[in-house]
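The analysis underlying the following values was restricted to heavy atoms, covering all of them including side chains, and did not include hydrogens, waters or symmetry mates. Both ligands and their constituent atoms are indexed starting at 1 by order of listing.
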Amino acid sequence: MAQTALSPHVNDTPTRPGALPGIAAAAIAVGVGALVAVPFGPAADARSAVGSAVIDLTPGPVKEWAIQTFGTNDKLFLTVMVLVVIAVVAAVAGQWERTRVPVGSVVIALAAVAGCAAVLSRPDASLVDVVPTLVGAVCGIAVLRFLTSRRVLRPRAAADAATETTVDQPADAGRRSSLAALGFVGIGVVGGVVGAALTRRLHSVSGDRAAFAPPTVARPLPPPPPDVQPAGVALPSYVTSAKDFYRIDTALSVPQLSRADWALKVHGMVDREITYRFGDLAKFAPVEKMVTLTCVSNPVGGNLISNGVWSGYRVRDLLAAAGVHPDADMVLSTSVDGFTAGTPVEALTDGRDALLAITLDGQPLPVEHGYPARLVVPGLYGYVSATKWVTDLELTRFDRAQAYWTGLGWSAKGPIKTESRIDVPRSGQVVPKGAVRFGGVAWAQPRGIRAVEVRIDDGPWLPAQLGGSFSNDAWRLWSFDWQAVQPGQHRITVRATDNTGAVQTADEADVMPDGATGYHTVSFSVA
Ligand SMILES: Nc1nc2c(c(=O)[nH]1)N[C@H]1C(S)=C(S)[C@@H](COP(=O)(O)O)O[C@H]1N2
Ligand SMILES: [Mo]
């Protein structure tokens, strides 16, 4: 029993707490924080605020890489990364927790301060939203103090002091403290999961959305004729279903904005500021349009493009009521979660009928696509125009204001480039000998597509068969019939011509700064 005779100070070193207490403390801090955040709402969730702050602080190229690599799963990746970083930092810091020098507790406290800063940096947060983070941190520190206390780490010393007869073996003490730590980890994880689920449940606008009967449009779009969809080839549906519609945004948790809470402020270089409540929109005439949305981050051959039928109100009407100053050339639109886009006033007021959209394919906007209202501007990439959950339109100038992505190296203006994509054959596909039908999509909003040409290997450009045209603001599907004769490897390349007569450029450009160009080529083989 030599060890019990040693002074506690000497004994401090051999009984390092290990990684578990730190992880347990972090789990409790995050879990309790998530539970306490339930009544406060999503804005009080520090984990998601940190994630959002990370998104905002991430350099443009890294964001780009994340979008390209993880696509719509980029947020899941980020959430997991944030939790992993918290766990690793806590595991390391917890090992340095000492009675005299509580390094772990200090690190948790600092993390909480950072978490509060992240919460307050979100545009939809108020001061009380830091409460859950602070409560979580206090609980986390308490757990760390408890798990690294002498009582838990060296119960023998405590037992001896109490002159008890049963003396713990070191192995028992270690096992007991590990079990306690694991218990806290479990409580933290359950708290986090339950808290997040309750927050989602309680603050979800799906009920508000289900109760919304969109106004009827005086002149609804006729259904597109069947010839828009080439037969005999597996192409995307001409009109993309809402569930298949591509989704890109910086929102880590989808903003939940009810119609009652929504308001749109029009201000800046105007004669009179106007704030529209959702009900005020009824005084404008709703219109319906087909518009293909495209992301500037769509690489050649990529699928960040979808075609929808949108209805809503002309932005032109909403702006006219405010009296736009003639020297304003930009509308800086802002979403409830702080995303901004800079759109030329002209694109919002000319004949293309830019929309404050409230429906997609006849239904209220899906929450992840901007419920209750978003911008849809034909002919411009989404990052400069398509603000979802939009709540603010500021009339300003391109030489005065900068939108979200422009600050990260993207072009201030983003007109959509003439592009085309091969969907069939897929890369590496083996096609049978004989007659085959290939196909894909082409787009040049708002100019429209006049022709699509296809080249096999290094052969001549041959005209493809175009699906019907429904709107110059929408893509066009195409097909190409080919006789597969020569077995072995082949290449198919596509190029489009828009309605101005301009042929898609062969010059290869990266998505940064204003959209990818170049021809899409797919390798396939004939059996
Ligand atoms: N609030 C908000 N709106 C946004 C974005 C965003 O990050 N936040 N991203 C824009 C970008 S880059 C694109 S391409 C389109 C995509 O719209 P979708 O997700 O409905 O397809 O939304 C735009 N609107
Ligand atoms: Mo985008």
> Which ligand 1 atoms are under 4.0 Å away from a heavy-atom of Thr250?
Replying inline: 6 (C), 7 (O)
> Is ligand 1 under 4.0 Å from a heavy atom in the side chain of Tyr246, in the backbone, in both, or in neither?
Replying inline: both
>> Out of all atoms in ligand 1, which are within 4.0 Å of some heavy atom of Tyr383? Include the element for each.
In response: 11 (C), 12 (S)
> Does a salt bridge link Lys289 with Asp473, judged by any charged N lying under 4.0 Å from a carboxylate O?
Replying inline: yes
> Is the closest N or O pair between Ala251 and ligand 1 shorter than 3.5 Å?
Replying inline: no
>> Tell me the nearest of Ser306, Ala386, Pro366, Ser335 to atom 24 (N) of ligand 1, using heavy-atom distances.
In response: Ala386
>> Can you tell whether the side chains of Arg495 and Glu453 come within less than 4.0 Å, N to carboxylate O?
In response: yes
> Quick one: which ligand 1 atoms are inside 4.0 Å of a heavy atom on Thr387?
Replying inline: 3 (N), 24 (N)
> Can you check whether Tyr238's main-chain N or O pairs, donor with acceptor, with Asn307's side chain at less than 3.5 Å?
Replying inline: yes
> What protein heavy atom sits nearest atom 2 (C) of ligand 1, and how far off is it?
Replying inline: Phe339 CD2, 3.3 Å
> Salt bridge between Asp56 and Arg122, side-chain N to carboxylate O under 4.0 Å?
Replying inline: yes
> So, Asn298 side chain and Cys295 main chain: donor-acceptor pair closer than 3.5 Å or not?
Replying inline: no
> side-chain hydrogen bond (donor to acceptor under 3.5 Å, both in side chains) with Thr418: which of Thr517, Asp498, Thr497?
Replying inline: Asp498
>> Using a strict threshold of under 4.0 Å (side-chain N to carboxylate O), is an ion pair present between Arg316 and Asp353?
In response: yes
> Is the shortest side-chain N to carboxylate O distance from Asp514 to Lys417 below 4.0 Å?
Replying inline: yes
>> Polar contacts were defined as any N/O atom of the residue lying under 3.5 Å from an N/O atom of the ligand; does this apply to Thr294 and ligand 1?
In response: no
> Can the ring centroids of Tyr383 and Trp405 be said to lie less than 6.0 angstrom from one another?
Replying inline: no
>> I need the atoms of ligand 1 closer than 4.0 Å to a non-hydrogen atom of Asp337, numbered in the order shown.
In response: 1 (N)
>> Below 3.5 Å, N or O to N or O, backbone or side chain included: is there any such pair between Glu368 and ligand 1?
In response: no
>> Suppose I only count heavy atoms of Phe245 and a 4.0 Å limit; which atoms of ligand 1 are within that range?
In response: 21 (O)
> Given that the side chain starts at C-beta and the backbone is N, CA, C, O, which of these parts of Tyr381 lies under 4.0 Å from ligand 1, counting heavy atoms, or is it both or neither?
Replying inline: neither
> Okay, side chain of Arg259, backbone of Asp208: is any donor-acceptor separation there less than 3.5 Å?
Replying inline: yes
> If you count the atoms of ligand 1 from 1 in the order shown, which ones are under 4.0 Å from a heavy atom of Cys295?
Replying inline: 14 (S)
> What part of Trp389 sits under 4.0 Å from ligand 1 if we count only heavy atoms: the side chain, the backbone, both or neither?
Replying inline: side chain
> Looking at ligand 1, does any of its N/O atoms fall within less than 3.5 Å of an N/O of Lys388?
Replying inline: yes
